[in-house]
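These notes are about the structure you will find just below.
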There are 2 protein chains.
Amino acid sequence: MMGGRFMAAVTLKDVAERAGVSIKTVSNVVRNAPRVSDATRTRVLAAVGELGYRPNPSARRLRTGRSGLIALAVPDLGTPYFAELAHHVGREASSRGFTVLIEETRGDAREELRLATGVGASLLDGVILSPLRVSSADLAPVADEFPLVLLGERDYGSGQVVADHVLIDNVAAAREVTAHLAALGHTRIGAIGVDEQRSATSRQRLEGFQQALHEAGLTYDPRLAARVGEFDRPNGLAAMRTLLELPTAARPDAVFCFSDLLAVGARRALYEAGLDVPGDVALAGVDGSGEALYATPSLTSVVPDKAVISALAVDCLAARIGAEGPLPYEVRIAPHRLEVRESTDGVRRPLPG
Amino acid sequence: MMGGRFMAAVTLKDVAERAGVSIKTVSNVVRNAPRVSDATRTRVLAAVGELGYRPNPSARRLRTGRSGLIALAVPDLGTPYFAELAHHVGREASSRGFTVLIEETRGDAREELRLATGVGASLLDGVILSPLRVSSADLAPVADEFPLVLLGERDYGSGQVVADHVLIDNVAAAREVTAHLAALGHTRIGAIGVDEQRSATSRQRLEGFQQALHEAGLTYDPRLAARVGEFDRPNGLAAMRTLLELPTAARPDAVFCFSDLLAVGARRALYEAGLDVPGDVALAGVDGSGEALYATPSLTSVVPDKAVISALAVDCLAARIGAEGPLPYEVRIAPHRLEVRESTDGVRRPLPG
DNA sequence: CGCGGCGGTTACAACGTTGGAACAAGGGAA
DNA sequence: TTCCCTTGTTCCAACGTTGTAACCGCCGCG
C-alpha cells in the first residue's frame, strides 16, 4: 500500500491548505513562476518552510518529462582518472541542479550503446559518455534522439562528428611528452598503450608520439610500441616485461605510457628487473593521478584539466537538454599541461605539504 | 512541449492497442503478476518486443512509491577503496534490479546527514552510507524513518545500534597486522591514522594495534601514534615526516598505517628521506588497493572482501526496503585477510601475470 | 438447473505535479 | 459609464502507471 514508507510526504495540497491558496498557486511559487503577488508568495513560502515541503521528483518528471538526472558513464571507477572525473562532474552538475548517476560500462560496447541511447530514456535527461569501444558510426543514429556528450574519443579518422565532444588535444599532449624525453637525450623511446583498432585516444597519442620522434630526428621502431587491451596496471606490467625481453641493444631507454596506470605497471616491472628509473629507463604517463605523483620515483605525467573537462561537458549537455530541437555538434578542447617529475629528469623533488 | 524530447515514448497504452487487450493486462504481464493466461502473455510480450516498450520509472514511482533507486554515499570517490566499493555495490544492486546513485559527502557531516535522511526521500528507496563524521547519536532519529545501511563505523563505545551495519572486524584486522610486524622482530612499531574524536574505524584500529602490542610484550609509545585528519596520501606523507623527526633512538622501525593511501604517503616520505622499506622501516596498510600492490616495494595490506561487504549491504537494504514496518537492526561482519608483501617481509615477489 | 467459486480480464481512480484555459478583480482609455 | 487589458488566482486535464473492485464467462457441485 502507498509507498511513502513510514513518513507521509508533504504535498502541494498540504501546503496549499495551510497557506489558504490553491495548489496551482503553490506550484507557481515553488517553481518561481511569474504572476504571483509578493504577499501570497511570502505566505506560501512560510507554509512551505513550516511543513518542510519537498517537491516530488517523480511526479514532476512524469508531468514535465524532465528528471533532473544525468548519467556519467565511464569504463571503470577503479581507474583514478575516471573516479576524479566523476567527482568533478558531480560538482558541476549539482551546481546546475542536476543529479548525477554514475554508471560503469566495463568497456563493453553494448553497455556503452545502451547508456548512450538513454537506458530508460524516461529516467535520464542526458548522458555524458566516456566511450572505450563504441565508435562514431555506432553512435550516429543515436545522438539526434537523446542528449549525449562524449568525453575524448573524437574519431579524427572518419572526420564525422556525431555528438558533442569534450577532449584534450591528445596529439599535442603526446608530442610534448615525447619531445621532453627526446630533449633529455633519449634515443630509443618506447610507447605502451597502442591499440589502433579500438581506441581513438590511443591512435591520437600514437600519432603525437610518432610526430615528436620525427621532429627529433629519431626513427620509429615498431618493436618499441607495445600493444595493450586496457590502460591498467597489469597491462603496463606485462608490456614493460615484454619490452625488457628485447635484445639489450634494442631495449628502450625511455617509455611513454598512454596512462598513469600503465606507467605504474611499467615502473613495477622495472623494479622487479632491478632497473633504475630514470637511470636505466625514463618513464612518463598521462592522467595526472595522485598515484603517479606519490610513486617512487614520482612519475612525469600529462595532467588534463579535469575540472574544465567536466564543466564543458556539463555545459554542453545542459544546453542540449534545454534546447527544443537539434543543435549543431560542438567539439571543445580542454587544456592540459606536462608535469615533469622524477621519473624523467631524475631531479629529487620533495612533495609540498 | 511535452518533454519526451525528440522521440515519443512507447506506453502501456500503445502496447495494449497493439496486442488487443486492456492497459491493465499489459501492466500485469510486464510486472509478472499472476492471473494471466499464457496465450495473452505471449501475445502481449510480442507486442512489447515489437514496440520496444520500456516502463516509465517516474510513473511507476509515483504510483507505487518505489523508485528502484538507491544511493551509495561515500566520502570521496578519489579514494580507491571507495571507488572499488562503488563498483561492487553497483554490480550487486543491478543484479537485484536497483539502480545506484553515487554521492560524495566530502566528509561533511551535514551532507552525510542529508543523505541519510533520504535527500529527496521521494527520489530514493534507501541509502548505503559510509559515514566519516556523522555519529550514531546523530543518526538515531533518522534510521527508523528511512532505509539506511551503514558501512563500517559501528560505534562500539556507545553500544547503541541505530541502523544496519556492515563492516569488517577492525580490531582483529589491526591486531593481525601489528602482530605480524611484531613477529618480524620490530620493537618500535608506530601507527598512522589515529583520530579518536571523530572516526570509530580509527578508534577500533588503534585498539587492535594496542592489543597486539600488549600481547607481544611491547609498550605503547604515544609519540609513535600519528594523528591525521583524512586517510589520504598527503596526510600519510606528513605524518611519516613527523615521525622521522623524532630522536633517532625513538624512531619507529615499523609503521601500521590505517589505510593504503596513508601507507603510500608514508612510503613516499621514507623515499624522500633515503630510507629503505622494509630495511629501515617496515610498512603496512589497510584496504587491499591496487596501488599498494603495485607500489615499489609492494605494500603489505589488510584486504577487506569488498564483494561480500557490498553484497551484505545491498541485501540488508533490500530487506529493509521490502519490509512493511521496522525491522531489528543487524550488524554483519565481512571477512578480511592479511596480505603480506614486500614492505614488511622484504621478500621479492614478482606480481603474477 | 441454479449457484458459488475461480481464472482471466477490464474499468476506474488515484499518485503529485504542471500547462493551459478560465475566471475574478481592479485600472485606464474611450 | 462601458469595454478592454492586465494581474493574480483558480479549475481542469493530463503525464504513465498500478491497486481495487467489478465484471464475465465457465466449471463443477449440490
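Numbered from 1 within each chain, the chains take letters A, B, ... in sequence-line order. What you see below is based on every heavy atom in this structure, not just the backbone, and it leaves out hydrogens, waters and symmetry mates.
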Are any protein N/O atoms closer than 3.5 Å to N/O atoms in nucleotides 22-26 of chain C? If there are, list each pair with its distance.
none

Can you list everything that forms a side chain to side chain donor-acceptor pair (under 3.5 Å) with B:Lys306? Sequence neighbours excluded, please. B:Glu84

Residues passing the side chain to side chain donor-acceptor pair (under 3.5 Å) test with A:Thr25, sequence neighbours excluded, are A:Ser22

Nearest of D:dG16, C:dG19, C:dG16 to any side-chain atom of A:Arg31? C:dG19

Just the rounded figure in Å: distance from P of C:dT17 to CZ of A:Arg63. 13 Å

Could you check how far CG of B:Asn56 sits from P of C:dG16, rounded to whole Å? 17 Å

A:Asp125 side chain to A:Ile70 backbone, donor-acceptor under 3.5 Å: no

Should we count CZ of A:Arg91 as having more than 12 external heavy atoms under 6.0 Å? no

Going by the side chain to side chain contact (heavy atoms under 4.5 Å, CB included) test, name the single residue among B:Leu12, B:Asn28, B:Val15, B:Thr11 that passes it with B:Ile23. B:Leu12

For A:Ser94, check side chain to side chain donor-acceptor pair (under 3.5 Å) against everything at least two apart and list the hits. none

Report the residues that fulfil side-chain contact (heavy atoms from CB on, under 4.5 Å) with B:Pro80, sequence neighbours left out, ordered by chain and then residue number. B:Leu261, B:Ser289, B:Glu291

If the condition is side chain to side chain donor-acceptor pair (under 3.5 Å), which residues does B:Arg41 pass it with, not counting sequence neighbours? none

Who are the salt bridge (charged side-chain N to carboxylate O under 4.0 Å, His left out) partners of B:Glu230, not counting sequence neighbours? B:Arg133

For residues 12-22 of chain B, the salt bridge (Lys or Arg N to Asp or Glu O under 4.0 Å) pairs (sequence neighbours left out) are B:Arg18-B:Glu50

To the nearest angstrom, the CG-P distance between B:Leu12 and C:dA11 comes to 14 Å

Between the protein and nucleotides 6-10 of chain C, which nitrogen or oxygen pairs are less than 3.5 angstrom apart?
from: C:dG7; atom 1: OP2; to: B:Arg35; atom 2: NH2; distance (Å): 3.4
from: C:dT9; atom 1: OP1; to: B:Ser37; atom 2: OG; distance (Å): 3.2
from: C:dT9; atom 1: OP1; to: B:Thr40; atom 2: OG1; distance (Å): 2.9
from: C:dT9; atom 1: OP2; to: B:Ser37; atom 2: N; distance (Å): 3.0
from: C:dT9; atom 1: OP2; to: B:Ser37; atom 2: OG; distance (Å): 3.3
from: C:dT9; atom 1: OP2; to: B:Thr40; atom 2: OG1; distance (Å): 2.8
from: C:dT10; atom 1: OP1; to: B:Ser22; atom 2: N; distance (Å): 3.3
from: C:dT10; atom 1: OP2; to: B:Ser22; atom 2: N; distance (Å): 2.8
from: C:dT10; atom 1: OP2; to: B:Ser22; atom 2: OG; distance (Å): 2.8
from: C:dT10; atom 1: OP2; to: B:Thr25; atom 2: OG1; distance (Å): 2.4

What is the distance, rounded to the nearest whole Å, between atom CG of B:Leu62 and atom P of C:dA13? 17 Å

Assess the residue pair A:Tyr53 and A:Val30 against the criterion (side chain to side chain contact (heavy atoms under 4.5 Å, CB included)); give the C-alpha distance rounded to whole Å, side-chain angles, the decisive distance to 0.1 Å, and a yes or no. CA-CA 10 Å; A:Tyr53 167 77; A:Val30 302; 4.0 Å; yes

Which donor-acceptor pairs under 3.5 Å do the side chains of residues 32-39 of chain A make with protein atoms, sequence neighbours left out?
from: A:Ser37; atom 1: OG; to: A:Thr40; atom 2: N; distance (Å): 3.4
from: A:Ser37; atom 1: OG; to: A:Thr40; atom 2: OG1; distance (Å): 2.4

Using the C1' atoms of the five pairs at each end, what is the angle between the end axes of the helix from C:dC1-D:dG30 to C:dA30-D:dT1, to 10°? 60°

Grab the N/O contacts between the protein and nucleotides 23-25 of chain D below 3.5 Å, and write none if there aren't any.
none

Do B:Arg60 and D:dT17 share a donor-acceptor pair, side chain to base, under 3.5 Å? no

Send over the distance from A:Arg61 CZ to D:dT17 C1', rounded to a whole Å. 14 Å

A:Arg332 and A:Asp164 ion-paired at < 4.0 Å: no

Phosphate-side-chain proximity, B:Ser27 and D:dT17, N/O vs OP1/OP2 below 4.0 Å: no

Rounded distance in Å - CG (B:Asp14) to P (D:dG16): 8 Å

Sub-3.5 Å donor-acceptor pair from the side chain of A:Arg66 to the main-chain atoms of A:Ile321, do we have one? yes

